[in-house]
Undergrad: 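Got a structure here, written out as structure tokens. Questions coming.
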Amino acid sequence: MPSVPGVPSGTATRVVLADDAPLFRDALAELLHRDGCEVVAQAGDADGLLEAVERHRPDIAVVDIRMPPTQRLEGLRAALLLRQRHPGTGTLLLSQHLEVAHLDELIGRSARGVGYLLKERVTGPDFLDAVRRVAADGCAFDPEIVPMLVGAGARNRRDELAHLSPRERQVLALMAQGRSNAAIAAALHLTNRTVETHVRNIFVRLTLPDETEHNRRVLAVLTYLRSS
């Protein structure tokens with residue numbers, strides 16, 4: 001498994017899986033196992049998820065938004081409880097369809113250790129990268145969700161982003177997806193140095209405190225996600 005800042009080298013990421021479809025859970029467990037993760041528990045409903053996290057204290061819980069008994073938002077509600085009770089456990093939500101109504105509540109005051117992907121991503125590298133990133137106290141949001149929160153055509157943009165250039169907004173949107181500077185450079189066909197300059201400018205224009213690079217990126221993403 002590739003190294004991630006904040007995760008000791010050679011340490012397996014400990015995962016709790018929560019989804020009411022056993023075959024889907026087993027497929028995810030196998031995928032995670034092949035990537036070097038340790039699936040410490042699986043759950044088929046929200047109560048089982050909460051119990052498993054309380055017992056095993058994993059690095060991350062991968063949670064389906066819709067679970068029994070109503071198949072509505074039990075997984076999301078459980079994730080909100082996990083964020084309150086176990087802030088050291090990352091939460092990666094999976095959804096068959098876009099569900100953004102309660103995303104701001106999930107993020108709360110910090111975008112650290114939280115992610116949201118559509119289920120169609122779980123068969124590719126985006127899922128494994130998101131697991132590693134969220135478990136390492138970062139964030140990862142589906143590229144289809146980010147534009148719904150704040151895209152180039154968002155009508156109710158807050159003043160916080162008013163000073164960003166169009167290119168800086170593009171860079172920030174890719175940061176919100178959890179991409180590194182190198183990945184942003186590749187996506188926008190820019191040099192790494194140019195991306196680094198844009199990132200520094202974003203920090204300055206958003207008047208973010210002079211903390212570590214990781215913390216400032218999280219704060220920038222949080223500002224972005226709340227700007228719709």
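Hydrogens, waters and symmetry mates are skipped; everything else that's a heavy atom, side chains included, is used. Everything numeric here is computed off the predicted structure, so don't read it as measured data. Residues: numbered from 1 along the sequence shown.
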Undergrad: Under a 4.5 Å cut-off applied to non-hydrogen side-chain atoms, are Val53 and Pro58 in contact?
TA: yes
Undergrad: For Asp19, check salt bridge (charged side-chain N to carboxylate O under 4.0 Å, His left out) against everything at least two apart and list the hits.
TA: Lys119
Undergrad: A side-chain contact here means heavy atoms from C-beta on lying under 4.5 Å apart; do Tyr116 and Leu94 qualify?
TA: no
Undergrad: Inspect the contact between Glu51 and Arg55 and indicate whether a charged nitrogen and a carboxylate oxygen are less than 4.0 angstrom apart.
TA: no
Undergrad: Does Arg132 come within less than 4.0 Å of Asp35, counting only side-chain N to carboxylate O?
TA: yes
Undergrad: Roughly how far, to the nearest 0.5 Å, is NE2 of His163 from CG of Asn201?
TA: 13.5 Å
Undergrad: Calculate, to the nearest 0.5 Å, the distance between atoms CE and CG belonging to Met67 and Leu73 respectively.
TA: 11.0 Å
Undergrad: Please list all pairs meeting salt bridge (charged side-chain N to carboxylate O under 4.0 Å, His left out) that have one or both residues in residues 175-198, counting only residues at least two apart or in different chains.
TA: none
Undergrad: Check the pair Thr194 / Thr191 against side-chain hydrogen bond (donor to acceptor under 3.5 Å, both in side chains), numbers first and verdict last.
TA: CA-CA 5 Å; Thr194 299; Thr191 66; 2.8 Å; yes
Undergrad: Kindly compute the distance separating CZ (Arg34) from CG (Leu128), expressed to the nearest 0.5 Å.
TA: 8.5 Å
Undergrad: Among Ile184, Val171, Asn181, exactly one meets side chain to side chain contact (heavy atoms under 4.5 Å, CB included) together with His198. Which residue is that?
TA: Val171
Undergrad: Between Leu164 and Leu172, is there a side-chain heavy-atom distance shorter than 4.5 Å?
TA: yes
Undergrad: Just distance, no hydrogens or angles: give the donor-acceptor pairs under 3.5 Å from side chains in residues 41-50, sequence neighbours left out.
TA:
from	atom 1	to	atom 2	distance (Å)
Gln42	OE1	Arg25	NE	3.0
Asp45	OD1	Asp47	N	3.4
Asp45	OD1	Gly48	N	2.7

Undergrad: Working to the nearest 0.5 Å, report the span between OG of Ser180 and CG of Asn192.
TA: 8.0 Å
Undergrad: As an exercise, state the distance from CZ of Arg83 to OG1 of Thr91, rounded to the nearest 0.5 Å.
TA: 6.0 Å
Undergrad: In Å, rounded to the nearest 0.5 Å, how long is the span from CG of Asp142 to CG of Leu93?
TA: 12.0 Å
